[in-house]
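Worksheet: the structure to be examined is printed underneath.
In the text below, chain A, chain B and the rest are named by the order of the sequence lines, each starting its count at 1.
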2 protein chains.
Amino acid sequence: MADEVWSRVRAPSRKTRAGEANAERILDAALEIFAAFGFRGSRIDQIAAAAGLSKPNLLYYFRTKEELYTAVLARTLDMWLDPLRELDASSDPRAALTAYITRKLEYSRSHPTASRLFAMEMLQGAPHLSSALTSTLLDLVEAKSRTIEGWIGEGRLRPVDPKHLIFAIWATTQHYADFDAQIRALAGPGLDDEDFYETALATILRILLEGVLPREGEPQRL
Amino acid sequence: MADEVWSRVRAPSRKTRAGEANAERILDAALEIFAAFGFRGSRIDQIAAAAGLSKPNLLYYFRTKEELYTAVLARTLDMWLDPLRELDASSDPRAALTAYITRKLEYSRSHPTASRLFAMEMLQGAPHLSSALTSTLLDLVEAKSRTIEGWIGEGRLRPVDPKHLIFAIWATTQHYADFDAQIRALAGPGLDDEDFYETALATILRILLEGVLPREGEPQRL
DNA sequence: GTCTATAAGCGGATAGAC
DNA sequence: GTCTATCCGCTTATAGAC
């Protein structure tokens with residue numbers, strides 16, 4: 001998918017190494033700006049300056065602001081989907097959910113601006129993303145919901161609505177990236193602080209896992 | 001606090017009923033636009049049109065865009081704080097947390113744009129809000145953290161980090177307002193659908209409460 | 001209090017030299 | 001591929017009539 005967008009969006013410059021590197025630098029800079037100000041609030045010359053080139057030169061690589069925004073979004077969505085793809089039906093629920101939650105929080109730490117770009121797009125009603133949401137992501141969520149329902153049917157998970165469980169996992173983990181400013185104001189450090197990260201992870205795991213795993217010795221059926 | 005901002009921000013028009021009503025209509029319209037596009041992305045004439053008056057007329061009530069934004073934010077923050085203020089140390093943890101979570105989700109349903117405005121401001125690093133965050137809200141969160149620690153000390157709550165618990169509650173409840181577009185794409189309805197609201201509330205309560213309340217017959221100490 | 005007209009400057013995009 | 005110069009529409013804010 002990244003390839004598809006790439007070729008569709010930028011005929012020029014793909015060939016040379018320097019062009020490639022420039023395009024990457026532009027996309028990195030654009031991610032920062034778009035994540036903070038949204039599409040309309042972002043200024044193309046601000047992005048150009050952050051990428052270290054002139055505005056017309058940026059527009060040589062991406063012909064319009066919208067083209068650039070779409071490219072950044074596509075690249076981000078792909079990364080965002082990865083952890084969920086790996087949620088594994090074959091392993092036991094505790095291990096699978098622990099791995100998924102850990103991976104999501106790790107993503108909030110390593111790619112906070114990517115998380116914020118996605119949040120920004122959602123706040124605006126996902127105008128540039130609706131097709132992707134209703135196809136790729138929907139399919140993935142439906143598939144993983146069935147995995148969770150399977151665990152519930154086997155009594156290995158307490159009965160919870162699968163989609164709301166997924167939403168709860170997304171919400172709690174992404175919150176640390178999206179509301180970073182609030183978290184730093186209220187707690188001091190953010191996820192980049194190792195101790196804070198560990199405490200956040202432990203607390204989220206404790207709450208969510210205890211909330212959905214069966215009580216000791218009482219496997220449940222619906 | 002609303003009063004304080006009010007008088008500081010708009011000398012004109014406070015006196016007459018019509019002026020008051022106009023100012024309210026402007027603030028309502030501004031909330032919608034600012035929540036969707038952020039400060040820089042919002043257009044003042046778009047707000048004026050939504051409020052049903054001309055752009056210069058809007059600028060008669062709020063002299064600058066920033067002044068209007070500040071007024072909307074102040075009004076929103078006040079409402080946003082209310083549920084937390086009511087978290088009651090004297091009642092038992094299950095009842096108090098149930099009431100708080102319910103109130104927060106209810107707020108996401110009744111005031112989704114207010115929630116989104118707040119989220120938008122956070123994504124931008126809370127430039128217009130940092131003083132409020134480090135004073136009013138910080139004090140409140142510290143106080144409520146002590147309430148939660150009290151419950152833990154008495155063995156009425158499992159040991160969890162209080163702030164991370166508060167973050168988890170905020171994250172899960174606000175998610176339904178802030179990520180409404182995603183939720184509708186993936187689940188069909190949103191919180192305005194009564195059944196969906198009930199399921200969301202039940203799931204969140206089940207997960208969070210089971211995650212933090214002591215197991216049957218085994219009250220814990222740290 | 002509300003409007004029309006307009007000033008002043010910003011932002012996206014293009015032309016064309018190098 | 002990259003730059004300077006520039007066009008043109010849009011946006012905030014003000015002036016001034018009613």
Side-chain angles (χ1 to χ4, degrees), chain A residues 6-7 9-73 120 124 127-128, chain B residues 6-7 9-34 36-73 124 127-128:
Chain A
W6 189 262
S7 58
V9 141
R10 319 188 10 261
S13 79
R14 190 190 182 167
K15 299 141 194 172
T16 71
R17 266 162 286 281
E20 188 99 2
N22 267 344
E24 285 303 319
R25 295 215 331 279
I26 293 170
L27 287 169
D28 289 342
L31 173 61
E32 297 288 329
I33 307 294
F34 281 136
F37 300 107
F39 179 70
R40 269 171 43 169
S42 294
R43 301 293 118 100
I44 225 174
D45 55 353
Q46 196 182 359
I47 296 171
L53 35 72
S54 68
K55 180 166 59 169
N57 199 9
L58 183 153
L59 288 168
Y60 168 78
Y61 287 92
F62 299 89
R63 278 188 293 263
T64 66
K65 187 184 181 182
E66 185 133 14
E67 199 173 285
L68 174 57
Y69 186 69
T70 306
V72 176
L73 257 192
M120 180 68 72
Q124 302 181 19
H128 295 79
Chain B
W6 190 261
S7 58
V9 143
R10 321 186 7 263
S13 79
R14 190 189 182 170
K15 300 140 193 172
T16 71
R17 266 161 288 279
E20 187 100 3
N22 268 344
E24 285 303 319
R25 295 216 331 280
I26 293 170
L27 286 170
D28 290 342
L31 173 61
E32 298 288 328
I33 307 295
F34 281 136
F37 300 106
F39 178 71
R40 270 172 40 171
S42 294
R43 299 292 114 101
I44 223 172
D45 57 351
Q46 197 182 357
I47 296 172
L53 35 72
S54 67
K55 180 167 56 170
N57 199 7
L58 182 153
L59 288 168
Y60 168 78
Y61 287 92
F62 298 90
R63 280 189 292 263
T64 66
K65 186 185 181 181
E66 184 131 15
E67 199 173 287
L68 174 57
Y69 185 69
T70 305
V72 176
L73 256 192
Q124 303 181 22
H128 295 81

If I take atom CD in residue E66(B) and atom P in nucleotide dA13(D), what distance separates them, rounded to the nearest angstrom?
9 Å
Whole-Å distance separating the CG atom of L53(B) from the P atom of dC3(C)
7 Å
Nearest to the side chain of D45(A), heavy atoms from C-beta on, is which of dG11(C), dC3(D), dG1(C)?
dG11(C)
Please work out which of the three classes, parallel, tilted or perpendicular, describes the rings of Y69(A) and F34(A), given edges at 30° and 60°.
perpendicular
Under-4.0 Å side-chain N/O to phosphate OP1/OP2 contact, N22(A) with dT2(D):
yes
Kindly point out which of dT2(C), dA13(C), dT4(C) is positioned nearest to the side chain of P56(B)?
dT4(C)
Between atom CG in L68(A) and atom P in dA13(C), what is the gap in whole Å?
10 Å
So do the side chains of D28(A) and R25(A) get within less than 4.5 Å of each other, counting heavy atoms only?
no
In whole angstrom, give the distance that lies between atom CZ of R63(A) and atom P of dT14(C).
10 Å
E67(A) CD to dG12(C) P, straight-line distance once rounded to whole Å:
15 Å
Just to be sure I understand the rule, does L59(B) reach a base, reach only the sugar-phosphate, or reach nothing, if contact means heavy atoms closer than 4.0 Å?
base
Side-chain N or O of N57(A) less than 4.0 angstrom from OP1 or OP2 on dC3(D)?
yes
Given atom NZ of K55(A) and atom C1' of dG1(D), what is their separation to the nearest angstrom?
18 Å
Contact under 4.0 Å: S54(B) side-chain N or O vs dC3(C) OP1/OP2
yes
Which pairs of donor and acceptor atoms, one on a side chain in residues 43-53 of chain B, lie under 3.5 Å apart (sequence neighbours left out)?
from	atom 1	to	atom 2	distance (Å)
R43(B)	NH2	R40(B)	O	2.8
Q46(B)	OE1	R40(A)	NH2	2.9

Where do R63(B) and E67(B) come nearest, in terms of heavy atoms and distance?
N-OE2, 3.2 Å
So, using ring pair (Phe, Tyr, Trp, His ring centres under 6.0 Å) as the criterion, who are the partners of F37(A) when residues are at least two apart?
none
From NZ of K65(B) across to P of dG9(C) the rounded distance in Å is 18 Å
Atom OH of Y60(B) to atom C1' of dT4(C): distance rounded to whole Å?
18 Å
Select one nucleotide: of dT2(D), dT2(C), dC3(C), the one nearest the side-chain heavy atoms of Y61(B).
dT2(C)
